[in-house]
Amino acid sequence: MSEKIQAPRGTFDVLGDDALARDRLVEVARGILEPAGYARIETPAFESTALFARGVGESTDIVQKEMYTFEAGEGESLTLRPEGTAPVCRAYIEHGMHKLPQPVKLWYLSSYFRRERPQKGRYRQFWQLGIEAIGSDDPAVDAEAIVLLSEILETLGARGLRLRLSSLGTPATRAEYRDRLVAHLRANEDRLSQEVRDRIELNPLRAFDADHPGTREVMASAPLLLDALDEEDLTHFEQVKAMLDGAGVVYEVDPTLVRGLDYYTRTLFEFTSDALGAQSGVAGGGRYDGLVELIGGPAVPGVGWAAGVERMLLASPPPPVAPPPVDLYVAYAKPELRADAFKLAADARRAGHAARLELAGRSLKGQLKQADRMDARYVAIFGEEGVSLKDMESGEQKIVEAETVMHHIRGAL
Ligand code: ATP
Ligand code: MG
């Protein structure tokens with residue numbers, strides 16, 4: 001035998017019940033998002049590296065160390081998409097969607113690629129369900145997005161959910177706050193972890209994320225962005241909260257909430273599940289009012305979220321999986337009758353029935369065992385004296401003309 005070739009590290013095959021659970025997730029998402037006015041979008045699996053460098057942010061973990069980037073010739077650099085927001089904004093610009101009634105509401109379920117250390121719930125190719133609503137800064141868009149996400153997670157049966165919410169304000173507030181935070185970090189530099197110290201200028205907000213004890217102490221007395229919001233941002237945040245309250249969505253305001261992407265403004269949120277262990281993040285999102293302009297489009301606001309498909313499934317009890325029903329199993333007693341049996345199965349499918357045919361040369365006894373295993377509603381056996389049609393529910397069996405099989409089963413199915 002030749003040497004075995006395995007799936008690359010951090011990737012997986014989707015099989016059997018897992019495939020059915022994923023299909024169900026797509027149906028749940030579609031059933032909640034499309035009635036709310038979200039239309040499906042699919043973008044390419046790779047994009048110009050510049051889109052992510054600019055759109056995700058040079059200082060983020062994603063751009064610094066997680067991207068799969070390759071040279072495509074003639075100096076062109078491409079990157080397998082590590083996230084969906086920047087590509088959807090790119091498509092919004094490219095197709096002139098700012099001329100449509102705003103906001104433009106889009107949803108996607110696609111695979112993403114990040115060079116990470118693989119572990120349970122963390123893969124190098126993974127799937128995200130996401131939405132983006134571009135073109136309005138109305139707080140109702142933020143609240144609606146969060147309510148829809150919460151509904152999807154609830155319908156899937158995700159356990160141990162917790163929603164944390166905050167607001168980052170506008171870039172101006174953030175810049176001013178950032179200076180104060182950097183000053184606080186500088187004043188306490190000797191107590192910080194090396195990693196945080198190295199990134200004081202690059203990304204001081206990430207210090208709130210640290211597990212390092214000294215850093216945590218320093219951060220306990222750090223100034224908070226929520227306290228620095230201006231009047232308008234504060235009102236926006238209050239309105240989002242009021243609408244969530246009205247919709248009965250439970251959340252905690254967490255002023256230390258930080259997310260890995262640079263482009264967020266105002267509303268920021270994250271769903272975690274304590275059913276997940278270390279990789280507890282189920283979904284995250286927020287408002288990104290400067291992003292479309294940053295990547296070369298008009299100055300339009302936007303808000304969105306992305307939820308990890310594998311983590312949503314890990315956090316949800318597996319749904320009862322029923323095998324697809326089989327209306328008719330077509331068996332035959334000898335190979336000379338295979339073509340007749342084949343024709344009946346094809347005709348039955350054309351008529352909308354779930355029909356199966358013997359495909360592996362089993363004996364008649366073996367075929368009937370197969371039909372039984374599939375729990376077929378009817379079995380048609382091509383034999384010496386014509387077609388014998390058996391109703392597996394009543395046990396009734398009769399000889400019929402091949403052309404009339406459909407007529408016989410139609411009424412019962
Ligand atoms: P984490 O803190 O776990 O690395 P993140 O902040 O990088 O998450 P986002 O970029 O916000 O995650 O992506 C949204 C969601 O996608 C996450 O909440 C998570 O459910 C899922 N996700 C992110 N990275 C991975 C991965 N490598 N494998 C599987 N799911 C992932
Ligand atoms: Mg990450």
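Heavy atoms only: backbone and side chains are in, while hydrogens, waters and symmetry mates are out. One-based numbering, in listed order, for ligands and for the atoms of each.
Every N/O-N/O distance between Phe126 and ligand 1 stays at or above 3.5 Å. Considering backbone and side-chain atoms alike, Glu116 places an N or O below 3.5 Å from some N or O of ligand 1. Residue-to-ligand polar distances place Tyr123 within reach of ligand 1: an N/O pair is separated by less than 3.5 Å.
With respect to the salt-bridge test (charged N to carboxylate O, under 4.0 angstrom), the residues Arg206 and Asp61 qualify.
Counting only N and O atoms by type, the side chains of Glu42 and Ser110 include a donor and acceptor under 3.5 Å apart.
Side chain of Arg287 to backbone of Thr265: no donor-acceptor contact under 3.5 angstrom is found.
With a 4.5 Å cut-off on side-chain heavy atoms, Pro298 and Lys99 do not count as touching.
Set against the non-hydrogen atoms of Ala306, the atoms of ligand 1 under 4.0 Å away are 14 (C), 15 (C). Atoms of ligand 1 found under 4.0 Å from any heavy atom of Gly308 (numbered from 1 in listed order, with element): 15 (C), 16 (O), 20 (O), 21 (C). Taking every heavy atom of Val282 and a limit of under 4.0 angstrom, the matching atoms of ligand 1 come to 18 (O), 20 (O).
When Met312, Gln279, Arg311 are ranked by how near their heavy atoms come to atom 3 (O) of ligand 1, first place goes to Arg311. Of the listed options Ala283, Gly281, Gly286, Ala278, Gly281 places a heavy atom closest to atom 19 (C) of ligand 1. For atom 2 (O) of ligand 1, the nearest non-hydrogen atom from the set Arg122, Gln128, Arg114, Gln125 comes from Arg122.
Here the CD1 atom belonging to Ile295 is positioned 8.0 Å from the CZ atom belonging to Arg90, to the nearest 0.5 angstrom.
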Given Arg22 and Asp18, is the salt bridge (Lys or Arg N to Asp or Glu O under 4.0 Å) satisfied, shown in steps?
CA-CA 6 Å; Arg22 281 165 181 264; Asp18 187 27; 3.7 Å; yes
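Remark: aromatic rings of Phe12 and Tyr123 are close, center separation under 6.0 Å.
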